[in-house]
Structure formats: structure tokens, C-alpha cells
Amino acid sequence: MIICTFVPFWFRFWQCINKKYYTGLNAHLWNAGKYFSKLLPPFILLFALTSNKVADSMFWLWCFFQTLATLYCTVWDYYMDWGLFRCFDQGKYGLREKMKYPVRFYYVAIVVNVVLRFWWVVGVFAYSY
């Protein structure tokens, strides 16, 4: 399970570093930071499991870094990937200027993205009882 949560982010991290090297754009470093932030929670979990110390402090450390990584990814999705929160025209507040779909679709996607990004919280509560 830890390998499955680690490997995709590891490869994407190095792809972003490679893009920074070839293009020189600093945005690729910020994007690499997004993937690096998703690498920290599996490392914390691996350390907790291998050291036989699944204590409250490790759990809260994992939750902190998982929350931080999730917020980082969510903000990146909205602002950089989707181009949202850059337009303030009437009728499409917070959306992008050029839209392919109806305005409702983008607002629903914003909410669904947050729910799915934070779906790991459901797993925490499911296994804590």
C-alpha cells in the first residue's frame, strides 16, 4: 500500500525537476513541491510501521502533512491547472475567461474536487473506531 501511494508521486516529482532543468521555468519547481508534499505522508507512515511506534504523535504528524499536501494540491489544481480564480467578470466570478462548459459545471467541479481530495479523512475515521 505504501509503495502504491509513493511511486506515482516519486515519478511525477522527478518529471517536474526534469522540466525545470530543460525549460528554466520556476513554476515546475512549485509543481515538484506539490508532488514532494504527497511523498511525506507515506514516509511518515512507513517510519511509524517499521519502528513499531504507531503512537498518537505519529498519527497527528501524518494527519498534519496529509492535510498540508492535500491543500497544496487543491490550490494548485484550481489556480494553475484549471486557471480558476483569475476572472472576476459578472456571471462567472472566480472562473477562467474561456470556458468550454456551462458555469454550473465548474462550480460543481470545485466542490467535487475538494470532497475527493479530502476523501482520505473518511478512511481515518473508518479505521479509528
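Atoms considered below: every heavy atom in the structure, side chains included; atoms not considered: hydrogens, waters and symmetry mates.
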Would Thr67 and Val121 count as a side chain to side chain contact (heavy atoms under 4.5 Å, CB included) if you check the C-alpha gap in whole Å, the side-chain angles of each, and the deciding distance to 0.1 Å? CA-CA 9 Å; Thr67 303; Val121 175; over 6 Å; no

Ring pair (Phe, Tyr, Trp, His ring centres under 6.0 Å) for Phe43 and Phe6? Distances and angles first, verdict last. CA-CA 8 Å; Phe43 271 128; Phe6 176 81; 5.2 Å; yes

Going from [atom1] on [X] to [atom2] on [Y], what distance comes out if it is rounded to the nearest 0.5 angstrom?
{"X": "Phe9", "Y": "Lys34", "atom1": "CZ", "atom2": "NZ", "value": "9.0 Å"}
{"X": "Asp81", "Y": "Thr74", "atom1": "CG", "atom2": "OG1", "value": "11.0 Å"}
{"X": "Asn113", "Y": "Cys73", "atom1": "CG", "atom2": "SG", "value": "9.5 Å"}
{"X": "Leu116", "Y": "Thr70", "atom1": "CG", "atom2": "OG1", "value": "11.5 Å"}
{"X": "Trp76", "Y": "Asn31", "atom1": "CH2", "atom2": "CG", "value": "4.5 Å"}
{"X": "Leu40", "Y": "Lys38", "atom1": "CG", "atom2": "NZ", "value": "10.5 Å"}

Non-hydrogen side-chain atoms of Ile17 and Phe36 separated by less than 4.5 Å: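 No, too far: nothing below the 4.5 Å cut-off.
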
Side chains of Leu25 and Trp30: does their closest heavy-atom pair fall under 4.5 Å?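 The answer is no, as the side chains (C-beta and beyond) never meet within the 4.5 Å cut-off.
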
Evaluate Leu39 against Trp10 for side chain to side chain contact (heavy atoms under 4.5 Å, CB included), listing each step before the verdict. CA-CA 7 Å; Leu39 292 173; Trp10 178 255; 3.8 Å; yes

When you look at Lys100 and Tyr106, which way does the side chain to side chain contact (heavy atoms under 4.5 Å, CB included) test go after all the steps? CA-CA 10 Å; Lys100 266 186 153 174; Tyr106 291 96; 4.1 Å; yes

Counting the benzene-type ring for Trp, do Tyr35 and Phe11 have ring centres under 6.0 Å apart?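 Between Phe11 and Tyr35, which both carry aromatic rings, the centre distance is not below 6.0 Å.
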
Excluding sequence neighbours, so at least two apart, what forms ring-ring contact (aromatic ring centres under 6.0 Å, His included) with Tyr78?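 Tyr78: ring-ring contact (aromatic ring centres under 6.0 Å, His included) contacts with Trp82, Phe85.
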
Residues passing the ring-ring contact (aromatic ring centres under 6.0 Å, His included) test with Phe105, sequence neighbours excluded, are Tyr101

Once side chain to side chain donor-acceptor pair (under 3.5 Å) is applied, do any residues pair with Tyr72, and if so which ones, sequence neighbours excluded?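 Partners of Tyr72 under the side chain to side chain donor-acceptor pair (under 3.5 Å) test: none.
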
Answer yes if [X] and [Y] sit in the same cluster of Ile, Leu, Val, Met, Phe, Trp and Tyr residues linked by side chain heavy atoms under 4.5 Å apart, and no otherwise.
{"X": "Val103", "Y": "Val108", "value": "no"}
{"X": "Trp60", "Y": "Ile44", "value": "yes"}
{"X": "Val112", "Y": "Phe118", "value": "no"}
{"X": "Val75", "Y": "Val114", "value": "no"}
{"X": "Phe125", "Y": "Phe64", "value": "yes"}

Might you confirm whether atom NZ of Lys19 has over 12 heavy atoms from other residues, nucleotides or ligands at distances under 6.0 Å? no

Checking Asn18 against Phe13 for the side chain to side chain contact (heavy atoms under 4.5 Å, CB included) test, could you report, in this order, the C-alpha distance in whole Å, the side-chain angles of both residues, the deciding distance, and whether it holds? CA-CA 9 Å; Asn18 188 37; Phe13 170 76; over 6 Å; no

